[in-house]
Amino acid sequence: MPNIAIIGGQWGDEGKGKIVDLITPAFEIVARFNGGHNAGHTVIRGDRKLVLHLIPSGILHEGVLCVLGPGLVIDPAALEAEAKEVEALGIDVWANLVVSDRAHVLLPHHRALDLMSEERKGSARLGTTGRGIGPCYEDKAARRGMRIADVLIRERIDLRLAALREHFEALCRGYGVTRDIDWKKTADDLEAFGARIAPRVRDVSALLHDQMTEGYSVLFEGAQATLLDLDHGTYPFVTSSSAGIGGVVTGLGVPPQKIDGILGIVKAYTTRVGTGPLPTELQDEVGEALRERGGEYGATTGRPRRCGWFDAVVARYSARVNGFEGIALTKLDVLDPLEEIPVCVGYRYRNTRLDEIPADIAIYEECRPIYENMKGWKTMTGHAREWADLPVEARDYIRKIGDLVGVEVPLVSVGPDRDASVIDNRARTSSWLRA
Ligand code: GDP
Ligand code: IMO
Ligand code: MG
């Protein structure tokens, strides 16, 4: 089987967790390459619901190796708490999970800095998840961060913490605030964590290289999404990691020619948590109805997600930036009751039409959607398992989206459960999805 990357095509929460869980049987390894516990990937099995933040969504499959790559920022307490939660389901997490020696360690002061920075920004705040993600990547880029390899040695922990503390306290002095961080306890906790995790620490690039040479297949699981990517997203309303396809290469140490296929995950409408432009946003009862039907509340923070119609400019942009060869279209069932479904095919900015996302965020804020209306199907689709089970108007809607984005749609999701999926066997990329 080929190695396939799963990339969010909008602003996150497209249903990546469900799709990864669904197609994991076709792979031996699932590897996360970016972000931290800001992600919330939901996996549903019957009446059991699991929200994964750091651990790859393949963890429920026995014998599948789950990998946390160098591109991640890992909060030790969050990782261990999540492992416990998964273990409660009878899964031997640590037998199947390895952690990169090069991943960065997210510390209590990162969280304090995240909250402080949001507070200081006031109405210009980003609406972060408050997990400390940005400040941890800042320390990484400033070359004073602590990595997993460091927590294995007590003297190294103390050395790194001293540098981080000095910088943190200088910032606090500059801001004229005080924040109590128990640095001694932090160091002790890290030492204990290091001792527990040591047997599971690996050189992930070398490991993946060896496994792929043996003929094993890897599913690269992206967190966040293209429009939240630090370089390609709606900057500054983005996260601090590479959520697009480039993140696979830098965040795992895997060369690009080892990525055999790229599947975008795209919701049948659009949502966003946090602040920043969202041209198709519906601030009325229609948006409210999408939120309720789609259960659009953050898997990590519980915040209500902002909802709007499908935005083809966004999805087409993501397809280009990442090289999507196919898209999995999720949450189609949420649109079931609608009479008519507008699809955004371009933007109007003052008197001009735009077909690309402008870099200038002030211009993007002013863009208004140009809609084409599609006919609704007004039938429940949750039971559909084959292309032929879908109502004709739903098939038209899926085809329209495929045409607008310029790629095929090998998979349509019609419910949160893994079974609620339609694989279109005529699509070339459908072969990626089956064991
Ligand atoms: P992720 O971050 O991309 O993994 O997505 P989240 O798990 O944060 O959000 C997706 C939400 O939609 C979760 O609550 C899923 O259980 C749910 N979901 C996924 N696919 C479908 C679908 O096709 N239909 C419906 N109704 N819900 C879905
Ligand atoms: P998954 O993987 C949706 C958003 C936050 C905020 C911005 C920056 O579940 O799709 P951060 O805490 O990362 O510094 O916040 O990014 N954000 C997400 N939105 N899904 C996610 O992950 C997100 N991870 C971060 O809401 O707007
Ligand atoms: Mg999510």
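Keep in mind that this is a model prediction, so the values were computed, not measured. Atoms within each ligand, like the ligands themselves, are counted from 1 in listed order.
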For Ile44, take its heavy atoms, then give the atoms of ligand 1 lying under 4.0 Å from any of them. 16 (O)
Should you measure from each heavy atom of Lys18, which atoms of ligand 1 turn up under 4.0 Å away? 20 (N)
Would you say the side-chain atoms of Lys16 and Thr330 include a donor-acceptor pair closer than 3.5 Å? no
Does a side-chain heavy-atom distance below 4.5 Å link Arg272 with Pro277? yes
Among protein heavy atoms, which lies nearest atom 11 (C) of ligand 1, and at what distance? Lys331 NZ, 3.5 Å
Close approach, Gly40 and ligand 1, non-hydrogen under 4.0 angstrom: yes
Distance-only criterion, 3.5 Å: show the donor-acceptor pairs between side-chain atoms of residues 249-256 and protein atoms not counting sequence neighbours.
from, atom 1, to, atom 2, distance (Å)
Thr250, OG1, Gly246, O, 3.4

Expected list for residues 218-225: side-chain donor-acceptor pairs under 3.5 angstrom, two or more places apart:
from, atom 1, to, atom 2, distance (Å)
Glu221, OE1, Ser57, N, 2.7
Glu221, OE2, His41, ND1, 2.7
Glu221, OE2, Ser57, OG, 2.7
Gln224, OE1, Asn34, ND2, 3.2
Gln224, NE2, Asn38, OD1, 3.1

Is the Mg ion (ligand 3) less than 2.8 Å from at least one N/O/S atom of Gly40? yes
Is it true that the NZ or CZ of Arg368 lies under 6.0 Å from the centre of Tyr349's six-membered ring and within 45 degrees of the ring axis? no
Geometry only, no angles: is Gly415 polar-contacting ligand 1 at N/O separations under 3.5 Å? yes
Could you check whether Arg434 and Asn425, counting side-chain N and O atoms only, form a donor-acceptor pair closer than 3.5 Å? yes
N/O separation below 3.5 Å, Val334 to ligand 1: no
What does the N/O contact table under 3.5 Å look like for ligand 2?
from, atom 1, to, atom 2, distance (Å)
ligand 2, 2 (O), His41, NE2, 2.7
ligand 2, 2 (O), Gln224, N, 2.8
ligand 2, 9 (O), Asp13, OD1, 3.0
ligand 2, 9 (O), Gly40, N, 2.9
ligand 2, 9 (O), Gly40, O, 3.1
ligand 2, 10 (O), Asp13, N, 2.9
ligand 2, 10 (O), Asp13, OD1, 3.4
ligand 2, 10 (O), Lys16, NZ, 2.7
ligand 2, 12 (O), Thr129, N, 2.9
ligand 2, 12 (O), Thr129, OG1, 2.6
ligand 2, 13 (O), Asn38, ND2, 2.9
ligand 2, 13 (O), Thr239, OG1, 2.6
ligand 2, 20 (N), Asp13, OD1, 3.1
ligand 2, 20 (N), Asp13, OD2, 3.4
ligand 2, 24 (N), Gln224, NE2, 3.2
ligand 2, 26 (O), Gly127, O, 3.4
ligand 2, 26 (O), Val273, O, 3.2
ligand 2, 26 (O), Arg303, NH2, 2.9
ligand 2, 27 (O), Val273, O, 3.1

What I want to check is whether the side chains of Arg144 and His167 have a donor and an acceptor closer together than 3.5 Å. yes
Answer with yes or no whether the side chains of Thr129 and Arg131 bring together a donor and an acceptor at under 3.5 Å. no
By atom name, which N, O or S atom belonging to Asp13 lies closest to the Mg ion (ligand 3)? OD1
Close N or O approach (Leu332, ligand 1; < 3.5 Å): no
As a check for students: among Ser413, Ala328, Gly222, identify the option with a heavy atom nearest to atom 20 (N) of ligand 1. Ser413
Can you list everything that forms a salt bridge (charged side-chain N to carboxylate O under 4.0 Å, His left out) with Asp311? Sequence neighbours excluded, please. none
For the pair Asp417 (side chain) and Gly46 (backbone), establish whether a donor and an acceptor sit closer than 3.5 Å, ignoring hydrogens and angles. yes
Residues Tyr347 and Glu366: side-chain donor-acceptor under 3.5 angstrom: no
If only side-chain N and O atoms count, and only distance matters, is there a donor-acceptor pair under 3.5 Å linking Thr128 with Asp114? yes
Indicate whether the side chain of Glu408 and that of Thr429 have a donor and an acceptor atom separated by less than 3.5 Å. yes
Protein contact of atom 24 (N) of ligand 1 - nearest heavy atom, named by residue and atom, plus distance: Asp333 OD1, 2.8 Å
Sub-4.0 Å atoms of ligand 1 with respect to non-hydrogen atoms of Ala299: 8 (O)
Closest heavy-atom approach to atom 9 (O) of ligand 1 among Gln224, Glu14, Glu296, Arg305 is made by Arg305
Protein contact of atom 4 (O) of ligand 1 - nearest heavy atom, named by residue and atom, plus distance: Gly17 N, 2.8 Å
Would you mind listing which atoms of ligand 1 come within a distance below 4.0 Å of any non-hydrogen atom of His41? 1 (P), 2 (O), 4 (O), 7 (O)
Among all protein heavy atoms, pick the one closest to atom 15 (C) of ligand 1 and tell me residue, atom and distance. Thr42 CB, 4.0 Å
Tell me if the aromatic rings of Phe310 and Tyr397 count as close, with their centers under 6.0 Å from one another. no
Using 30° and 60° as the class boundaries, would you call the ring planes of His109 and Phe168 parallel, tilted or perpendicular? perpendicular
For atom 10 (C) of ligand 1, grab the closest protein heavy atom and report residue, atom and distance to one decimal in Å. Asp13 O, 3.7 Å
In Val334, Val414, Val412, the residue satisfying side-chain contact (heavy atoms from CB on, under 4.5 Å) with Thr381 is Val414
Answer yes or no: does an N/O atom from Arg293 fall short of 3.5 Å to an N/O atom of ligand 1? no
Numbered in order shown, the ligand 1 atoms found under 4.0 Å of a heavy atom of Gly15 are 1 (P), 3 (O), 4 (O), 5 (O)
Within reach of ligand 1, part of His53 (heavy-atom separation under 4.0 Å): neither
